[in-house]
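Reviewing the structure listed below.
Proteins come first, then strands; the chains are lettered A, B, ... in the order of their sequence lines, and each starts at number 1.
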Amino acid sequence: MAATEDHSTTDAPRSAYYVTTPIYYVNDRPHLGHAYTTVAGDVLTRWHRQRGENVWYLTGTDEHGQKIMRTAEANGVTPQEWCDKLVEEAWKPLWQHLDIANDDFIRTTQQRHTDRVQEFVQDLHDKGEIYKGGYSGPYCVGCEEYKLPNELLPGATEDEKLCPIHKRPVEWLEEENYFFRLSAYGPKLLEFYAANPDFIAPATARNEVLRFVEQGLQDLSISRSTFNWGVPLPWDEKHVLYVWVDALQNYITAAGYGADPERFAELWPASVHLVGKDILRFHAVIWPAMLMAAGLPLPKRVVANGWLMVGGEKMSKSNLTGIAPTDLTSHFGVDAYRYYFLRAIPFGTDGSFSWEDFTARYTSELANDFGNLASRVAAMVGKYYGGTLPAATAAGAAEQAVVDGLAKAAAEADRKIGEELDFAGGIAAVFDFVKLVNGYLTEQEPWKVAKTAFGEGGSAAGSEEGQARLATILYTAAEALRATAVLLNPVMPATSAKLWDSLGAEESLGALADQTIATVADWGRLPAGATVTKGDILFPRLEEKPAS
RNA sequence: GGGGCGGUAGCUCAGCCGGUUAGAGCAGGGGACUCAUAAUCCCUUGGUCGUGGGUUCGAGUCCCACCCGCCCUACCA
């Protein structure tokens with residue numbers, strides 16, 4: 001749901017678990033990488049909601065800058081029209097399609113943002129953190145930016161220098177800009193990183209930032225006067241703000257900075273900024289320095305995720321080897337999509353994925369292990385008890401092993417997903433439990449117990465002992481599924497809802513989303529007598545891969 | 001050029017401060033079972049840990065060099 005909600009102030013403000021995605025540059029349509037980060041944030045926030053915490057999940061779009069202006073021109077529309085169209089026709093619909101439960105969607109062209117941004121930079125200007133300076137230096141047309149003299153490569157002649165990225169000659173340009181005194185914050189940042197070792201994750205990202213800041217920071221040019229698609233500087237309207245300075249502030253403007261102090265106190269500082277590793281510096285260096293300059297608290301964590309690689313190449317909008325998210329969801333389904341990338345790739349590292357790997361995991365993990373478990377349990381409760389869940393009256397060591405397995409899985413998933421953002425590890429913990437339950441059923445052989453219980457094929461008319469065992473086995477399996485539905489709900493909400501429904505759990509336990517992580521491992525929550533129905537197959541076998 | 005990271009079974013990856021026969025999942029092979037989406041469960045084949053040196057009683061694990069790949073280098077998650 002990409003909708004803005006009114007924030008209720010009836011309760012006393014309590015500190016929120018506030019998670020942000022980057023605001024995405026709307027130069028083009030969303031790709032797999034954007035979806036990856038946004039789904040991760042969604043799973044993280046859904047998990048914390050099920051902990052019963054006060055959660056706020058923000059995403060949005062970054063709409064200023066020269067690149068967007070040019071793209072709009074090339075398409076014969078105004079920049080605002082271009083952004084409006086993409087946001088409404090591409091970005092918001094995709095988040096809705098992927099079941100993203102964001103609480104707000106900020107666009108940097110909204111007045112609630114631009115007004116606050118102007119106040120923020122005016123404040124920095126008043127404090128002497130911003131100064132006017134002429135800038136002259138080597139400029140690379142390819143990069144559209146100034147380079148540092150010492151990073152240039154020698155060219156063909158004595159005077160010629162080359163851009164290290166584009167390997168082409170740079171030009172000497174002069175421009176009048178405003179600068180933020182970023183250089184003054186290097187030592188303070190290093191001090192902060194040292195005092196807050198978890199501020200930047202994973203460790204590789206942290207190392208990269210530390211080495212960079214240790215090399216010394218330069219003041220940051222924060223204005224542009226060569227184009228006008230941006231937020232004007234309040235004291236000099238010939239200049240617009242450098243797009244990143246504008247963009248970063250979305251995290252506070254959306255949280256009520258300068259507009260709603262009570263709400264701002266509740267949300268800020270953010271708990272987690274999720275970012276792609278490419279924009280780590282903005283979030284781990286420039287943004288904290290700006291906040292320090294403004295006298296605001298710093299976010300608690302900046303967590304960088306890696307790239308999705310397809311055949312060794314990164315997914316990006318400039319490299320449209322183009323698998324759109326919907327190409328995958330139309331084949332595998334939305335829940336499998338949400339599951340796959342988080343399960344298959346350790347968060348924070350680059351990960352290669354393939355259609356084949358997705359197919360293999362879908363079949364093995366989702367259809368065979370998980371979907372089939374739900375199917376076989378519901379089928380047996382239907383076959384032996386007419387769909388009414390029996391009570392467990394003869395639990396023993398085997399059942400205790402399932403109870404213990406659940407407690408372990410729940411604790412591990414909570415720690416890994418909720419605290420460490422190790423989605424792959426957390427999901428694996430839940431699926432280990434699914435495997436354990438499959439093994440339990442195979443060992444207990446309820447289909448054989450049923451024969452003695454109901455006297456089928458034997459001389460006896462059935463045994464009470466057998467009936468007690470059968471009831472216990474099926475109850476244990478169903479109760480295990482109840483917990484699995486809760487634990488997987490943040491990852492696969494639609495499928496978990498189907499399972500919840502098939503277990504007849506809502507009648508006695510209420511809505512799935514209201515089930516808490518704290519009580520998920522309390523054994524025996526699903527009451528005997530619940531109506532268990534077979535329902536739809538959770539993960540149907542896949543069709544052949546469509547011709548590409 | 002500067003900086004960060006990786007190279008371990010066919011594939012995707014674990015292997016913390018160096019210590020007995022290098023692990024998991026999937027794929028491959030064999031068996032059991034039949035409640036279930038021909039699903040499940042058990043067993044199993046498979047690796048000179050990128051290369052070359054070094055330190056050490058002992059190195060995938062530390063040091064050096066090199067090769068290969070990826071990323072950042074100040075507007076692609």
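Separating the P atom of B:A32 from that of B:G46 is a span of 23 Å, rounded to the nearest Å. For the C1' atoms, the distance from B:U8 to B:G47 is 8 Å, rounded to whole Å. Between B:G60 and B:C66, the distance separating the two P atoms is 23 Å to the nearest Å. Only the C1' atoms considered, B:C16 is 35 Å distant from B:C76, to the nearest whole Å. Going from the C1' atom of B:G1 to that of B:G58 covers 41 Å, rounded to whole Å. For the C1' atom pair drawn from B:G6 and B:U51, the interatomic distance equals 16 Å after rounding to whole Å. Rounded to the nearest Å, the gap between the C1' atom of B:G19 and that of B:C33 is 43 Å. Distance check on atom P: B:A27 versus B:C42 gives 14 Å, rounded to whole Å.
Using a 4.5 Å cut-off on side-chain heavy atoms (C-beta onward), A:Asp335 and A:Tyr339 make no contact. Inter-residue side-chain proximity for A:Val449 and A:Gln444 is flagged as unmet; no heavy-atom pair is nearer than 4.5 Å. Put simply, the side chain of A:Leu366 does not reach to within 4.5 Å of the side chain of A:Arg361, judged on heavy atoms. Residues A:Phe199 and A:Val302 are in side-chain contact: their nearest non-hydrogen atoms beyond the backbone lie under 4.5 Å apart.
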Q. When you look at A:Met290 and A:Trp287, which way does the side-chain contact (heavy atoms from CB on, under 4.5 Å) test go after all the steps?
A. CA-CA 5 Å; A:Met290 285 167 53; A:Trp287 179 227; 4.2 Å; yes
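Between the CD atom of A:Glu365 and the C1' atom of B:A27 there is a distance of 13 Å, rounded to whole Å. Distance CD (A:Glu214) to C1' (B:G4): 12 Å, rounded to an integer number of Å. Taking atom CD on A:Gln444 and atom P on B:U40, their separation rounds to 19 Å, with Å as the unit. When the P atom of B:A74 is taken as reference, atom CG of A:Leu241 falls 19 Å away, rounded to whole Å. Here the P atom of nucleotide B:U73 and the CD1 atom of A:Ile286 are 11 Å apart, to the nearest Å. Rounding to whole angstrom units, CZ of residue A:Phe431 and P of B:G25 are separated by 16 Å. Between the CG atom of A:Leu217 and the P atom of B:G3 there is a distance of 17 Å, rounded to whole Å. What separates CD of A:Glu420 from C1' of B:C16 is a distance of 14 Å, to the nearest Å.
Residue A:Thr204 places its side chain closer to B:C5 than to any other of B:C5, B:C76, B:A74.
Under the ring pair (Phe, Tyr, Trp, His ring centres under 6.0 Å) test applied with A:Phe423, the options A:Tyr340, A:Tyr36, A:Phe341, A:Phe347 reduce to a single match, A:Phe347.
By the side-chain hydrogen bond (donor to acceptor under 3.5 Å, both in side chains) test, A:Thr114 pairs with no residue at all, sequence neighbours left out.
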Kindly list each side-chain donor-acceptor pair under 3.5 angstrom involving residues 207-216 of chain A, sequence neighbours excluded, with atom names and distances?
unit_1	atom_1	unit_2	atom_2	d
A:Asn207	ND2	A:Ala203	O	3.4
A:Arg211	NE	A:Glu214	OE1	3.0
A:Arg211	NH2	A:Glu214	OE2	3.4
A:Gln215	NE2	A:Arg211	O	3.3

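Between A:Phe358 and A:Phe332, the distance separating the two ring centers is shorter than 6.0 angstrom.
A:Val275 comes within 4.0 angstrom of the backbone, heavy atoms only, and of no base. Nucleic acid contact class of A:Gln215 (heavy atoms, under 4.0 Å, all strands): sugar-phosphate only.
The residue among A:Ala205 and A:Asp62 whose nearest nucleotide of RNA chain B is located toward the 5' end is A:Ala205.
Salt bridge status for A:Glu445 with A:Arg469: absent, with no side-chain N to carboxylate O gap under 4.0 Å. The pair A:Arg482-A:Glu479 meets the salt-bridge criterion, since a charged nitrogen lies less than 4.0 angstrom from a carboxylate oxygen. Salt bridge A:Glu419/A:Arg415: absent, no basic N to carboxylate O contact under 4.0 Å. Note on A:Asp42 versus A:Arg338: salt bridge recorded, some NZ/NE/NH1/NH2 to OD/OE distance being below 4.0 Å.
Taking only side-chain nitrogens and oxygens, A:Lys435 never comes nearer than 4.0 Å to OP1 or OP2 of B:G25. In terms of phosphate contacts, A:Asn207 brings a side-chain nitrogen or oxygen within less than 4.0 Å of OP1 or OP2 of B:C5.
No hydrogens or angles considered: a donor-acceptor pair under 3.5 Å links the side chains of A:Thr71 and A:Asn27. Of the N and O atoms on the side chains of A:His97 and A:Thr329, at least one donor lies less than 3.5 Å from an acceptor on the other residue.
Near RNA chain B, defined here as any heavy-atom distance below 4.0 Å, the residues from residues 276-283 of chain A are A:Gly276, A:Lys277, A:Asp278, A:Ile279, A:Arg281, A:Phe282, listed numerically.
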Q | Intra- and inter-strand pairs of RNA chain B in dot-bracket (Watson-Crick or G-U wobble, both distances under 3.5 Å; | for another strand) | A | (((((((..((((.....[...)))).(((((.......))))).....(((((..]....))))))))))))....
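Judged by distance alone, the side chain of A:Tyr385 and the main-chain N or O of A:Ala471 form a donor-acceptor pair under 3.5 Å.
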Q: Let me have a per-nucleotide readout for nucleotides 31-39 of chain B, 5' to 3', with B, S or -, counting only protein heavy atoms under 4.0 Å.
A: --SSBBB-S
Dump every N/O contact between nucleotides 42-47 of chain B and the protein below 3.5 Å, one line per pair.
none

